[in-house]
Amino acid sequence: MGVQTMKPVLNPLRAQIESKMTEELGFNNIFDMFLHSSRKNPEKVLAMHKLGKGHWGSLTYDEVEKGSLDCAAAFLKNGIKKGDRVAFICNNRYEWLILDLSLHRIGAVNISNYVTPDPKKLVETEVCFNINDSQCRMLFVAEKYLERVMEIYDQGKMPTIEKVVVLTDSADRKKIGELDTFSEFVKVGQESRKMLEDYKEVVNLNDLATIIYTSGSTGVPKGVMLTHGNLISNAQSLTTFIDLKETDVELSFLPLGHVFERIINYIILRISGTIGYAESIETIADDVQFVKPTVFPAVPRVFEKFKAKVEENARSKGELSFKIYKWSTKVGRDYSLGKRGFPMNIKYMMAKKIVFDKVVDKLGGNVRFFVSSSAPLSEDTAMFFKSMNLEILEAYGMTEAGPLISINRNNRARIGTVGEAPPEIEVKIANDGEILVRGPSIMKGYWNRPDADKEAFLNGWLATGDIGVMSKDGYLKITDRKKNLIKTSTGKYVPPAPIEDKLVSNQYVSQAIVIGEARPHCSAIIVPDFKRLEDYAQHNQLHYTSIDDLMNNPSVKSFYEELIKNETKDMAAHEQPKKVILHSKEWTWESGELTPTQKVKRSVITKMFKDEIDRIYS
């Protein structure tokens, strides 16, 4: 089979970009890329997975290869062919990897959905939209979500689904009924291998690999079409740009319905690394002790919560313990900023032994670096990790870009930026400040949405919708979303993101958004850190019967207004929020205020607080 190229135009609106790196590799599709690593290291562990509390299993590259070929044959036996769509509703797991690779082998298309830790909170409207819009023919469901999914299915809300397979080996037929299990599906493939041998369809770089639905923070979800060439070029570009090794182990817990986790998985396959599948985001603290990752991708909210947990742990051990912790992090910060000398070196060694080593152990003990994407990382959080010699490589991307656009490099990370564009990715800033991107990883287009394609591209460049600036040496800094810019009634423009980053860096603030569109000044809606707030109330002898009661206390409101004033004192006057609204419940994806990647749905929140907003401006 000859090596394919990416030369044909995928979309007349996007630039025609070839990927010399991808073409030199000689891979025609993602399965070919995996096969290269499998044949190179057949006995190496590729996937680690939890069998039960404290017990883990593993699969080698060779075992995953055999499993994926069996599943490819099973898909053919079930009538799935090149171009057909197959859906997943499951947590991160090794079966997903095997099935994903098997779909790439035959040229079928993966449609992975976001899932909530609690099956009852599965977002029915999103799941049904994704499956019906892409007209999926088969559905794979983790047993945990089966009851909820079958409720939806039995109501006829997934009319295109012809077969449901349960990702379990449970013998409890009362639970799964007549549905096939994953092991039964594999067995069908083992008995149908000749169908795969006789399969003549060729899967090329320009063929569709997946449709990933955007999270809907900008309205109705759109299906982003990514080809094998898009994903391979992005993965290969990053492997040449950051310090990745064959010995690297990744902890996979971010949703595979999101392209960030997906591309990390493909990068690990490319370098012949290992993936440890966490049971869920709620079990990371336990799972990390077995997996012992060297590479740890996460979103800023995970880093913020870990930092808060470390601080709370130090505080709970008494005043002396907390003072030692604060001293250690200050020493670490000074050391990481280049302060050296005999006294400083001794101090750092003491801080490392007393505090830092214990923190590192809680992360498994082997982490070489973290990768942060999907939302802005506060400089305060980045410095917290850097003070302990734990490097976070902040990255920037979007699903439509396939996905990563820029990333900080090892030992060259510049806090406050999202790094540099890797090879073959071109970035430029438009006259209005919008970030434009082009390269071989840019999407084929939106599924059945030519109208959206026209809005996405500008003279061959992908218009990201983000505002940014670039330094002379190529470091990109995101200022805000273009549509998020606030224009006050005085005509002043305010980018809310830097203000919000400043607010959430305060220990008393968990979440915050800035408002003020067409108003005389900005204000803030804040979800407090409730543990810190209760400590404050106790210290100041404030009496309350509930969190809501505490939030309505005039002293608490005054405290947060003063906090905002102090945190934003160095900003321009028109950027400083003058009023505050306090909310007593954390915003989540399940309750509708956040996207699955933890981005705030501003329109939802401002609508939710309409009366309060009108009141503070009256």
Side-chain angles (χ1 to χ4, degrees), residues 30-31 33-35 37-38 41-75 86-105 110 112-113 115 117 138-146 165-170 180-190 210 248-258 261-281 283-284 286-297:
I30 292 168
F31 187 81
M33 182 181 76
F34 157 72
L35 210 57
S37 293
S38 181
N41 295 292
E43 299 307 314
K44 186 180 178 188
V45 171
L46 165 52
M48 293 185 281
H49 59 100
K50 208 168 189 175
L51 299 171
K53 191 168 179 62
H55 298 284
W56 287 70
S58 63
L59 290 94
T60 64
Y61 271 82
D62 184 60
E63 288 170 328
V64 171
E65 179 185 333
K66 288 174 180 173
S68 60
L69 292 172
D70 289 337
C71 288
F75 277 123
V86 174
F88 294 85
I89 299 176
C90 64
N91 54 319
N92 295 18
R93 52 200 300 141
Y94 78 91
E95 297 100 327
W96 180 94
L97 175 66
I98 289 173
L99 290 161
D100 182 60
L101 289 168
S102 67
L103 292 173
H104 295 324
R105 168 63 181 83
N110 182 323
S112 288
N113 291 274
V115 293
M138 283 188 73
L139 172 61
F140 288 81
V141 184
E143 183 177 4
K144 177 179 179 179
Y145 300 95
L146 182 62
V165 178
V166 188
L167 296 176
T168 181
D169 291 321
S170 170
D180 284 349
T181 64
F182 176 71
S183 58
E184 290 168 337
F185 185 76
V186 172
K187 189 176 180 183
V188 168
Q190 291 170 343
T210 187
D248 275 328
V249 179
E250 182 233 348
L251 180 70
S252 175
F253 66 91
L254 296 176
L256 284 161
H258 187 249
E261 180 63 36
R262 190 88 64 91
I263 201 66
I264 297 291
N265 272 223
Y266 292 150
I267 289 169
I268 294 295
L269 292 180
R270 174 70 190 98
I271 64 171
S272 304
T274 300
I275 304 168
Y277 289 102
E279 184 179 1
S280 77
I281 195 168
T283 63
I284 294 173
D286 292 330
D287 296 343
V288 78
Q289 296 304 321
F290 181 87
V291 174
K292 298 189 180 302
T294 61
V295 178
F296 198 122

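Every side chain to side chain donor-acceptor pair (under 3.5 Å) that N91 has, sequence neighbours left out, goes to R93. Applying the ring pair (Phe, Tyr, Trp, His ring centres under 6.0 Å) test to F296 and every residue at least two apart in sequence or in another chain returns F253, F370. Under the rule for a side chain to side chain donor-acceptor pair (under 3.5 Å), the partners of N113 that lie at least two apart in sequence or sit in another chain are N130. Listed by chain and number, the residues in a salt bridge (Lys or Arg N to Asp or Glu O under 4.0 Å) with K66 are D62 (sequence neighbours excluded). E65 pairs by the salt bridge (Lys or Arg N to Asp or Glu O under 4.0 Å) definition with R39, not counting sequence neighbours. A search for ring pair (Phe, Tyr, Trp, His ring centres under 6.0 Å) contacts involving F185 returns F75, F140, not counting sequence neighbours. Residues forming a side chain to side chain donor-acceptor pair (under 3.5 Å) with S102 (at least two apart in sequence, or on another chain): none. Not counting sequence neighbours, the partners of T283 by the side-chain contact (heavy atoms from CB on, under 4.5 Å) test are K50, E279, S280, D287. Scanning for salt bridge (Lys or Arg N to Asp or Glu O under 4.0 Å) contacts around D100 gives an empty result, with sequence neighbours left out. Applying the side-chain contact (heavy atoms from CB on, under 4.5 Å) criterion to V291, with sequence neighbours excluded, gives M48, W56, V249, L251, P293. Among residues two or more places apart in sequence or in another chain, the side chain to side chain donor-acceptor pair (under 3.5 Å) test is passed with S272 by S37, N41.
L269 has its side chain within reach of L101: a pair of non-hydrogen atoms, C-beta onward, lies under 4.5 Å apart. Contact annotation: the side chain of L59 never approaches that of L97 to less than 4.5 Å [non-hydrogen atoms, C-beta and beyond]. In this structure, C90 and E95 have side chains that are not in contact, with every pair of non-hydrogen atoms separated by 4.5 Å or more. The closest side-chain heavy-atom distance from E143 to T181 is not below 4.5 Å. Considering only heavy atoms from C-beta on, Y61 stays 4.5 Å or farther from P42 through its side chain. In this structure, C71 and F182 have side chains that are in contact, with non-hydrogen atoms separated by less than 4.5 Å.
Pairs of residues two or more places apart, or lying in two chains, never qualify as salt bridge (Lys or Arg N to Asp or Glu O under 4.0 Å) while including a residue from residues 264-276.
Note that the CH2 atom of W96 and the CG atom of N110 stand 5.5 Å from one another [nearest 0.5 Å]. Between atom CD of residue E63 and atom CD of residue E43 there is a gap of 7.5 Å, rounded to the nearest 0.5 Å. The line from CG of L256 to CG of N265 is 5.5 Å long, rounded to the nearest 0.5 Å. Once rounded to the nearest 0.5 Å, the distance linking OG1 of T274 with CD1 of I268 reads 7.5 Å. Considering CD1 of I98 and CG of L69, their distance stands at 10.5 Å, rounded to 0.5 Å. The CD atom of E261 lies 11.0 Å from the OH atom of Y266; values are rounded to the nearest 0.5 Å.
K292 and Q289 get closest at one heavy-atom pair: NZ-O, 3.2 Å. Minimum heavy-atom separation, P255 to N92: CA-OD1, 3.9 Å.
Between R105 and S68, the side chains place no donor N or O within less than 3.5 Å of an acceptor N or O (distance only, hydrogens not considered).
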Test side chain to side chain contact (heavy atoms under 4.5 Å, CB included) applied to L99 and L167, step by step | CA-CA 11 Å; L99 290 161; L167 296 176; 3.9 Å; yes
